[in-house]
J.: 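Take this structure first; my questions come after.
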Amino acid sequence: MFFTCVMNPRNFYIFTLLYLFSAFESISCASSSSDKIVLNCGSAGSFSFNGKTWTGDVGSKFLPAESRGSTISVASTLNNHQVPKIPYSTARFFRSHFTYSFPLSPGFKYIRLHFYPASYSILKGKTHVDFTVVSGPYTLLNSFSPSFMSDALELVYFSKVFVINLKENLLNLSFIPSPGAYAFVNGIEIQNFPTNFYNYTDNHLSLYHEPAFQMLHRVEVGSSGHPDWMDDSNYILGSMSGTVIFGPYGIKRAPWNMSEYAVSENFYLSARTMGSDDAINMSYNLTWTFLVDSGFKYLVRLHLCEISHEITGVNQRVFTVFINNKTAENSLDVIALAGAPLVAIYRDYIVAVPKGIGGRQQLWLALHPNPESNPMFKNAILNGVEIIKVSDENNNLALHFEPRIGERKKIRLSVILGAVLGCFGGIFLFFLAAYQWKKRNSCCYKVSQLRPVSRDPKKSNMAVLRSASICCQFTLADIRVATSNFSEAHVVGVGGFGKVYKGSIDGGVTQVAIKRKSPESHQGVQEFQTEIDLLSTFRHLNLVSLLGFCQENSELILVYDYMARGTLRDHLYKRCHPPLSWNQRLKICIGAARGIHYLHTGTKHSIIHRDIKSTNILLDEDMVAKVSDFGLSRLAPTTGSSSCVNTEVKGTIGYLDPEYYRSRKLSKKSDVYSFGVVLLEVLCARPLVVEEEEYKVSLAEWALRSHRSGNTGCIIDPFLRGKIDSQSLITFIEITVKCLADRRTQRPSMGDVLHSLELSLHLQDNTDARVDLEDQQVL
């Protein structure tokens, strides 16, 4: 394996393949409009979908005069909620060599083939789908099985994207079925590429032929709405995934590095960094993995823009780039390369992936802070990445090891045999591990006083939860010991699930919080299961950690790290603690916002908390905020068709999103509204209900009315008046008001909220530092 960083500005036209298809839609090409093909195969007429006009290929001039080798078929398993009707509801099948012919002007052409491997009426019995796709001298797919690929990608439908250089006025696209098999395609898109797409004088690839290209992966951080780009959280390796940040508008492109065909400036508004703790950052790599084909060269393009308001100069954030565990770049300083913050650039690396067993392997991309350059922040940043495959010397883009039908049978048989043998070996290892575990009689968290509960169903009247294998399970007897038999003296709080007890375990060394379901609680097994499922799968500095659970004799009990400082509400208006300074309040809000933002964007599937409130924001000994209580949480939609979940209304009155209450549609913006109410509590130090003469109003209604009337000063906690920097206060109030917008579309994302809170703290810190300096000068 080797890689080369492409640095010379004159060579930046080498690979423009990665430019977004959405950007190409707006390109004004010199050639005729006929060079844009959007074909809905197996259908007749025209259809509008996703901003495109799809034309059916029935009776099309692109088909040969004799089309006997093909037939059309309708998908019988189309799921309207998952699969778009256009172009996936119909397909054209081929029983023999079949060629589409597209009259086009010479030049670089973008080709996108759509596949939906479903049940079709034409496929009967043991009919196989296995074929090769060729265009001119280029082999795009070889012995290709869409269902095989669908299983490998874990996608219901997918597309393959290629770029070739057309030398003639006719682009032929041939589908060649394997013996005894069918070929098919659901849709074909062809579009012009820039005339300067490829620089023939380039020597970075050391190629002796004119290559074709395939876009394997286009990955962005955050969700900016770019079509055909995947969220990078699907590629993150390990539990240490950093955090997603969002920058302001006004991104510019480095003129030497960006052409008119690059992705839009909005693409760079989000990025992934490693977090704010330098010590933690130095202990891990921010790592992504991509499945690639062996035996090819790849262009790895990193999209970079310094969008953090903290990073404004050179040598503040410097990091190392590793590709496949080798150093691709030792000291990457985005601002030093771009010339300024908020300027977008990209970096290209050429990687050779050698042939390997099985045909496919993982390509690793890892970022790590470079301490040798002594940067101000031990951190790394990435906005997006693209992986592009380059055809080999035989003009082949297909996987070198692409098993044919007979070979797949052998492979599947060997996989089955291996799986059977693996199961027996796994069972043996399981019982061996269980025996050793029983001998140690300790829990997964090394809590010696709490023993794993017996799995004997006779000792419990409930089924053992499916999460028991990934979360520590405690006995009821030892939970009683830890809480002095649920003594009222140990109660530190009461919530919708039930009472929370302070307990001591591990010989009194470790303090824990034990939440016990109350018989009167409306929450039950579902909420209990949700809490375990979620907190067992991720860890974050600003999310409370689950240590384990107990399910025995109708008891449902959860065990957490103990938060010594209690709830945020306790520090605001119960006055059982000294009042918090404005600086402390902002840091707590920022910590909570980071936790919620991680739920929304930092996990594989976005999570909606659904019960954000000041009693669910806990503070540890160091006043670090941690979001808790995930019993009502829901997974956000996994498809782009909707941002909402239809569900019954649950949450806490006073914090409920009014649009969610009216429509029964839950979204991540519902959490934003609830957090806006928390921000009001922080600013006002008042409970959720405000008494006004003869009637009562909600805190949100009262505060917003005061703000609209220009009487904002009256809502501020008297303890804070005169102690807040004016710009810090304005920034805080502006984002709070936006969070409380009646319509979810008018509310900001949690990333925007986090950015505003960090700005508010920055402004306050500057004022505090200036005041301290003036005081020192007076002394």
J.: Taking the six-membered ring for Trp and the full ring for Phe, Tyr or His, determine whether the centres of Phe175 and His97 are under 6.0 Å apart.
T.: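 No, too far apart.
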
J.: Take atom CD in Glu168; do more than 12 heavy atoms of anything else shown fall under 6.0 Å from it?
T.: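 No, the 6.0 Å shell around CD holds no more than 12 heavy atoms from other groups.
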
J.: Between Asn192 and Lys36, is any side-chain donor less than 3.5 angstrom from a side-chain acceptor?
T.: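 Per modelled atom types, Asn192 and Lys36 side chains form no pair under 3.5 Å.
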
J.: So, using salt bridge (charged side-chain N to carboxylate O under 4.0 Å, His left out) as the criterion, who are the partners of Arg744 when residues are at least two apart?
T.: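 Per chain and number, Arg744 pairs via salt bridge (charged side-chain N to carboxylate O under 4.0 Å, His left out) with Glu659.
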
J.: With Ser73, which residues qualify under side-chain hydrogen bond (donor to acceptor under 3.5 Å, both in side chains), at least two apart?
T.: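 Scan of Ser73 (side-chain hydrogen bond (donor to acceptor under 3.5 Å, both in side chains), adjacent residues dropped) gives Ser121.
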
J.: Is there side-chain contact between Thr139 and Leu141, with at least one heavy-atom pair below 4.5 Å?
T.: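 Counting from C-beta outward, Thr139 and Leu141 never come under 4.5 Å.
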
J.: Does the ring pair (Phe, Tyr, Trp, His ring centres under 6.0 Å) test come out yes or no for Phe115 and Phe144, once each step is laid out?
T.: CA-CA 11 Å; Phe115 300 102; Phe144 175 68; 5.4 Å; yes

J.: Name all residues meeting the side-chain hydrogen bond (donor to acceptor under 3.5 Å, both in side chains) criterion together with Tyr120; count only those two or more places apart in sequence or in a different chain, and write none if there are none.
T.: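 If we apply the side-chain hydrogen bond (donor to acceptor under 3.5 Å, both in side chains) test to Tyr120, skipping adjacent residues, the hits are Asn186.
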
J.: Between Tyr298 and Tyr349, is the ring centroid distance below 6.0 Å?
T.: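 No, ring centres 6.0 Å or more apart.
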
J.: Just to verify, what does Phe49 make a ring-ring contact (aromatic ring centres under 6.0 Å, His included) with, not counting sequence neighbours?
T.: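 If we apply the ring-ring contact (aromatic ring centres under 6.0 Å, His included) test to Phe49, skipping adjacent residues, there are no hits.
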
J.: Among residues at least two apart in sequence or on other chains, which ones pass side-chain hydrogen bond (donor to acceptor under 3.5 Å, both in side chains) with Asn40?
T.: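 If we apply the side-chain hydrogen bond (donor to acceptor under 3.5 Å, both in side chains) test to Asn40, skipping adjacent residues, the hits are Ser43.
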
J.: Check whether the side chains of Arg92 and Thr71 place a donor and an acceptor atom closer than 3.5 Å, and report yes or no.
T.: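 Checked: Arg92/Thr71 side chains show no N/O donor-acceptor pair below 3.5 Å.
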
J.: Does a donor on one side chain sit under 3.5 Å from an acceptor on the other, for His114 and Tyr157?
T.: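 Judged by distance alone, the side chains do not pair up.
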
J.: Would you please indicate if the ring centroids of His303 and Phe267 are separated by under 6.0 Å?
T.: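 Here the rings of Phe267 and His303 have centres that are less than 6.0 Å from each other.
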
J.: With Asn172, which residues qualify under side-chain hydrogen bond (donor to acceptor under 3.5 Å, both in side chains), at least two apart?
T.: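 Expected list: Ser101.
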
J.: Before you tell me yes or no, could you show the steps for Tyr182 and Phe94 under ring pair (Phe, Tyr, Trp, His ring centres under 6.0 Å), namely the whole-Å CA-CA distance, both residues' side-chain angles and the distance that decides it to 0.1 Å?
T.: CA-CA 6 Å; Tyr182 273 92; Phe94 315 105; 9.4 Å; no

J.: Run the ring pair (Phe, Tyr, Trp, His ring centres under 6.0 Å) test on Phe62 and Tyr100 for me, step by step, so that the C-alpha distance in whole Å, both residues' side-chain angles and the decisive distance to 0.1 Å come before the verdict.
T.: CA-CA 6 Å; Phe62 306 130; Tyr100 284 96; 8.0 Å; no

